[in-house]
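This chain uses plain numbering: 1 for the first residue, then up along the sequence. These numbers come from the heavy atoms of this one structure, side chains and all, not from hydrogens, waters or symmetry mates.
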Amino acid sequence: MASRVIPVETFDLVIFGGTGDLAQRKILPGLYRRFCAGQMPRDARIIGASRSQFDDAGYQEFVREAVLKYVNKNKIDTDNLDAFINQLRYIAIDARGENGWKDLAKLVRSDAITAYYFSVGPGLFGDIAERLHKYKIADEDARIVVEKPFGRDLETAQALNAVLAKNFNEEQIYRIDHYLGKETVQNLMAVRFGNILFEPLWNAQYVDHIQITVAETVGVGGRGGYYDKSGAMRDMIQNHLMQLLCLIAMEPPSHFDPNAVRDEKLKVIRALDPIQPENIVRGQYSADGDEKSYIEDSENPDTITESFVALKAQISNWRWSGTPFYLRTGKRLRARMSEIVVVFKDPPHSIFDVQENRRPNELVIRLQPDEGIVMRVTIKEPGPGGMRLMDVPLDMSFAETLGEDSADIPDAYERLIMDVIRGNQTLFMRGDEVEAAWRWTDPIIEAWQEKGSRPAQYDTGGSGPEDALMLLHREGRRWREIKA
Ligand code: NAP
């Protein structure tokens, strides 16, 4: 099955923070892959912008190194790399100063699509937006791409939205959540809304509960100071896990159109009940051999910041009333994996005597590793011996279905950047969505701070604190195992 690549129109993409970690690891390698796939026109330009002093040739070599380091060796083609590098420019600019901005104004073309990627610390988002406007660099067709974190609470998110809104229309603002750029996340929408099969069952009558897990094996060593001001609730739940929850729970939009989709997601967030303290568990990882504990990594002996959260959310609407959504995320867990599991109810009556090995139907949507979708169904165990039931996966993994083409599936950043150039905001968060999400998480964080109590300790390489398991066990349910 050959994948179709539709080239985008020519563009100038300015990357503020073009020398930073994200640019080197994700944005520039991603653009190189799109170039190789034939999606990036030969006259499109990528303009790095940050304080470091480079000329064009120096930046081109810097980017060459990054591509060689972060792109799979067998995807490197020297001719393509030379041609890609040739499309790079650089401007030394200080987001908080006045140098460089006039040069940037001269460099960007008025007859190309222009996009400005804010790949800098969040403290600079407002400065850059204001200067792009002040120096008349960005016209009303220009797009800006804003990285996470988008605020640290409702108040700061509102302030940031206000600064951006002073200089840009909402249609120009692309708030990035790279989870939304994953192939499987879009496939989830295709599976839900492109088939008659699932939608009739997609409600509290047939769905027992839903689990969303984003597990990491790494701790916060090296950036503990930064993380300690954030924590799992702000860093993961408020954005990535809530976005996944919205896509699972939303009503079918009337069109696959940015505002129609985002309207439906917003309704889900607004229908979330406030979380009761007994329905949320916090944790901090403990030391393990040479591996430091969270408290040591954060270098703050009094820290009450959580490196793990598990919670039970309820959506009060007709579709979902009575079906719990269990969310969990944490660091230093058994495996690196992200998945959504829709666990269906048992059939109302069993005609079979033998029940062993029978499990409820599950739809497992795996985001990493091995993106794919698996439906678990019950069948008869083959062979003689009467009617024995067993549970088998119907595998819709991309690697199986798409064969070699699955290796060419763009990663989240590649896809999202191309969406910016195409002017498609469907997979980006709207300002009101981000604010609604903070409105839901703020009281939870405030309650923790008021109480001042320590999160529970949990072992490295496990699945979080005991209480997180109890969140489901006490209701006769169990988490799916965390495994790669
Ligand atoms: P980083 O490695 O610290 O890079 C920061 C970039 O900003 C550098 O290119 C730096 O270049 C530039 N910069 C700093 N101060 C500047 C100023 N006053 N004017 C102009 N440029 C300035 O950070 P990062 O990890 O790439 O993260 C960038 C953004 O992406 C952050 O908002 C982060 O939260 C977000 N993010 C990062 C990741 C990731 O994996 N790294 C993942 C998700 C989100 P100079 O020093 O040359 O100026």
Side-chain angles (χ1 to χ4, degrees), residues 19-26 29 65-66 68-73 121 147-149 152 178-179 211-241 280-311 327-339 366-370 411-412 445 448-449 451-473 478-484:
T19 55
D21 176 67
L22 184 68
Q24 291 181 66
R25 283 194 309 111
K26 293 287 180 187
E65 293 297 312
L68 290 172
K69 185 164 173 198
Y70 292 110
V71 173
N72 195 321
K73 297 253 170 318
E147 260 301 333
K148 80 172 231 192
R152 64 182 319 274
H178 68 273
Y179 272 66
Q211 302 182 10
I212 304 178
T213 298
V214 176
E216 296 176 277
T217 50
V218 292
V220 302
R223 55 181 203 111
Y226 155 78
Y227 186 88
D228 205 45
K229 296 193 187 73
S230 154
M233 196 72 185
R234 287 192 171 100
D235 193 43
M236 299 299 291
I237 301 266
Q238 186 273 346
N239 39 60
H240 306 315
L241 279 87
I280 188 157
V281 176
R282 287 176 300 157
Q284 287 177 339
Y285 55 80
S286 43
D288 181 46
D290 289 344
E291 305 254 40
K292 291 181 179 166
S293 67
Y294 178 76
I295 298 172
E296 290 163 323
D297 272 344
S298 70
E299 296 174 0
N300 172 8
D302 301 321
T303 179
I304 61 162
T305 303
E306 71 291 350
S307 60
F308 176 97
V309 173
L311 61 86
L327 275 50
R328 82 181 148 166
T329 182
K331 298 197 175 287
R332 285 266 196 88
L333 298 177
R334 186 173 305 129
R336 176 172 176 264
M337 72 149 211
S338 304
E339 67 176 26
R366 185 109 168 164
L367 307 179
Q368 69 187 19
D370 308 327
D411 90 354
I445 299 169
W448 290 338
Q449 278 158 357
K451 210 167 153 206
S453 60
R454 269 262 157 93
Q457 299 291 301
Y458 62 91
D459 292 340
T460 290
S463 45
E466 187 66 22
D467 283 351
L469 302 180
M470 290 311 296
L471 204 59
L472 272 77
H473 285 189
R478 55 192 308 154
W479 288 105
R480 257 172 66 90
E481 200 184 333
I482 295 182
K483 61 175 184 200

List the atom of [X], the atom of [Y], and the distance in Å for their closest heavy-atom pair.
X    : Y    : result
F308 : G464 : CE1-CA, 3.7 Å
A468 : A310 : CB-CB, 3.8 Å
Q284 : T305 : NE2-O, 2.9 Å
A335 : A215 : O-CB, 3.4 Å
S230 : D235 : OG-CB, 3.4 Å
S307 : Y458 : OG-OH, 2.9 Å

| said: Does this structure show an ion pair linking D21 with R223, if we count only N-O contacts that are shorter than 4.0 Å? | reply: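 No, D21 and R223 are not salt-bridged.
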
For residues [X] and [Y], determine if any side-chain heavy atom of one lies less than 4.5 Å from a side-chain heavy atom of the other.
X    : Y    : value
Y294 : Y227 : yes
P455 : W448 : no
R234 : K229 : no
R152 : I445 : no
I304 : S453 : no
D459 : D288 : no
T213 : R480 : no
Q238 : M233 : no

Mark yes or no for whether [X], through its side chain, and [Y], through its backbone, hold a donor-acceptor pair below 3.5 Å.
X    : Y    : value
Q24  : T19  : yes
E306 : A232 : yes
K483 : R334 : no

| task | Applying side-chain contact (heavy atoms from CB on, under 4.5 Å), run through Y285 and E291 and close with a yes or a no. | result | CA-CA 10 Å; Y285 55 80; E291 305 254 40; over 6 Å; no

When rounded to the nearest 0.5 angstrom, what is the spacing between [atom1] in [X] and [atom2] in [Y]?
X    : Y    : atom1 : atom2 : result
L241 : I212 : CG    : CD1   : 6.0 Å
E216 : M337 : CD    : CE    : 12.0 Å
H473 : L471 : NE2   : CG    : 10.0 Å

| After noting the C-alpha distance and the side-chain angles of D297 and R332, does the key distance pass the salt bridge (Lys or Arg N to Asp or Glu O under 4.0 Å) rule? | CA-CA 12 Å; D297 272 344; R332 285 266 196 88; 3.8 Å; yes

Could you tell me if [Y] and [X] have a donor-acceptor pair between their side chains, going purely by distance under 3.5 Å?
X    : Y    : result
R336 : T217 : no
H178 : K26  : no
S463 : R328 : no

| request: Given side-chain contact (heavy atoms from CB on, under 4.5 Å), test V281 with M470 step by step and report yes or no. | output: CA-CA 10 Å; V281 176; M470 290 311 296; over 6 Å; no

| query | How far apart are the C-alpha atoms of V214 and H240, what are their side-chain angles, what is the distance that settles it, and do they pass the side-chain contact (heavy atoms from CB on, under 4.5 Å) test? | reply | CA-CA 9 Å; V214 176; H240 306 315; 5.6 Å; no

